[in-house]
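Scroll down for the structure; my scribbles are underneath it.
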Amino acid sequence: MSSPTPDALLGPADIRELAAALGVRPTKQRGQNFVIDANTVRRIVRTAEVRPDDVVVEVGPGLGSLTLALLEVADRVTAVEIDDVLAAALPATIAARMPERADRFALVHSDAMHVTELPGPPPTALVANLPYNVAVPVLLHMLDTFPTIERTLVMVQSEVADRLAAGPGSKVYGVPSVKANWYAEVKRAGAIGRNVFWPAPNVDSGLVSLVRRTEPLKTTASKAEVFAVVDAAFAQRRKTLRAALAGWAGSAAAAEAALVAAGVSPQARGEALTVEEFARIAEHKESTAP
């Protein structure tokens, strides 16, 4: 494999020049903030532990900063981009800056939430600077749709990173925490300063690492059934589970019976439960329904 040229990655001047040539202004609507620091994208690739045999999927590649850094290391990179102008320009940027790796790159011009298949070999890793306004649904959709993704590293708003990586009992533990944990072991993997972006966001960013469970969660309940309990428990997070799950179970009494059968206190709140406990509650719904 031939090595990429040292100046293949995009710097601040390159990003602004590309954006100007394309008439691109980053939009808040799509949560666009372009990374302009080569050291930061290399750090992301390093933290993601991208290997030479990895097939990486990237969501929201923008002008290609992270894409180029991924192509330096991975076997293949498939980028999913919704923006018409950015999607049209990215293959040319790759071809110009890393011609020796251009045949290892594929572009899917689509909304990531609608992607159900990808070209080439199945992805083994997901590495992305996710648009902040859709970060959690996109992450969960990709993990669900592509079970071959073993390792994920995403850059998200710091507060979202905290939520995703939170454990039971934390004030920020909630629906994203539990659902991400259904698929993977989740942890914070670092912080990213505001000055590496253009435009600089008014929020801090964080890296989240997700390593897929080697064995799926042992439960007789389906993912949909478990997620229904999670959604109900946190829809009214101040309420006890007996009250919060009344609608889900059919009545407060049925909710209490399911909780007791699952070995969970009816007086507990959702923020105290592990994903395994939510799964046990889901398993006991039918047997206690009137």
Side-chain angles (χ1 to χ4, degrees), residues 111-116 130 132-147 149 152 154 156-157 159-188 208 210-290:
D111 180 340
M113 288 299 290
H114 300 153
V115 169
T116 55
L130 289 178
Y132 288 173
N133 47 353
V134 292
V136 172
V138 165
L139 172 64
L140 296 177
H141 170 74
M142 296 299 286
L143 289 173
D144 194 55
T145 308
F146 301 102
I149 293 174
T152 295
V154 290
V156 293
Q157 190 173 330
E159 169 184 314
V160 174
D162 288 340
R163 277 193 211 129
L164 282 166
S170 160
K171 281 182 181 175
V172 294
Y173 182 72
V175 172
S177 330
V178 185
K179 290 184 178 178
N181 205 233
W182 168 267
Y183 300 102
E185 298 296 325
V186 190
K187 64 175 187 180
R188 276 291 297 249
V208 182
L210 301 97
V211 177
R212 191 178 290 271
R213 292 172 176 270
T214 46
E215 292 288 324
L217 204 71
K218 286 183 171 59
T219 177
T220 56
S222 69
K223 183 202 72 177
E225 288 166 339
V226 177
F227 282 15
V229 182
V230 175
D231 288 335
F234 287 102
Q236 306 173 78
R237 63 185 295 153
R238 290 175 183 276
K239 291 191 174 181
T240 64
L241 286 170
R242 183 184 191 277
L245 297 182
W248 163 81
S251 69
E256 179 162 350
L259 288 158
V260 170
V264 175
S265 165
Q267 300 309 307
R269 287 177 170 77
E271 63 206 42
L273 270 57
T274 63
V275 65
E276 289 83 0
E277 287 170 314
F278 280 113
R280 286 210 306 274
I281 296 166
E283 287 171 8
H284 288 90
K285 182 185 182 184
E286 284 185 357
S287 60
T288 57

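Everything numeric in this text was worked out from a predicted model, so none of it was measured.
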Does any pair with a residue in residues 135-146 pass salt bridge (charged side-chain N to carboxylate O under 4.0 Å, His left out), and if so which ones, sequence neighbours excluded? Asp144-Lys223
What is the minimum heavy-atom distance between [X] and [Y], and which atoms define it?
X	Y	value
Ala279	Ala221	O-CB, 4.2 Å
Val115	His141	O-NE2, 2.8 Å
Ala166	Ser170	CB-OG, 3.8 Å
Ala112	Val138	CB-CG1, 4.1 Å
Leu241	Ala255	O-CB, 4.5 Å
Ala252	Arg242	CB-NH1, 3.2 Å

So Phe278 and Phe234, would you call those rings parallel, tilted or perpendicular, with 30° and 60° as cut-offs? tilted
Would you check if the side chain of [X] reaches a backbone N or O of [Y] as a donor-acceptor pair within less than 3.5 Å?
X	Y	answer
His284	Val260	no
Lys285	Trp248	yes
Tyr173	Gly270	no
Ser177	Arg163	yes

Just to verify, what does Glu276 make a salt bridge (charged side-chain N to carboxylate O under 4.0 Å, His left out) with, not counting sequence neighbours? Arg213
Could you tell me which residues satisfy salt bridge (charged side-chain N to carboxylate O under 4.0 Å, His left out) with Arg269, sequence neighbours excluded, listed by chain and number? none
Quick check: do Leu273 and Ile281 have side-chain heavy atoms less than 4.5 Å from each other? yes
Side-chain contact test, heavy atoms from C-beta onward, threshold under 4.5 Å: evaluate it for Val175 versus Arg237 and give yes or no. no
Distance from [X] atom [atom1] to [Y] atom [atom2], nearest 0.5 Å?
X	Y	atom1	atom2	answer
Leu210	Leu140	CG	CG	9.0 Å
Leu259	Arg280	CG	CZ	10.5 Å
Thr240	Arg238	OG1	CZ	14.0 Å
Glu283	Thr219	CD	OG1	3.5 Å
His114	Thr145	NE2	OG1	11.0 Å
Asp162	Arg188	CG	CZ	4.5 Å

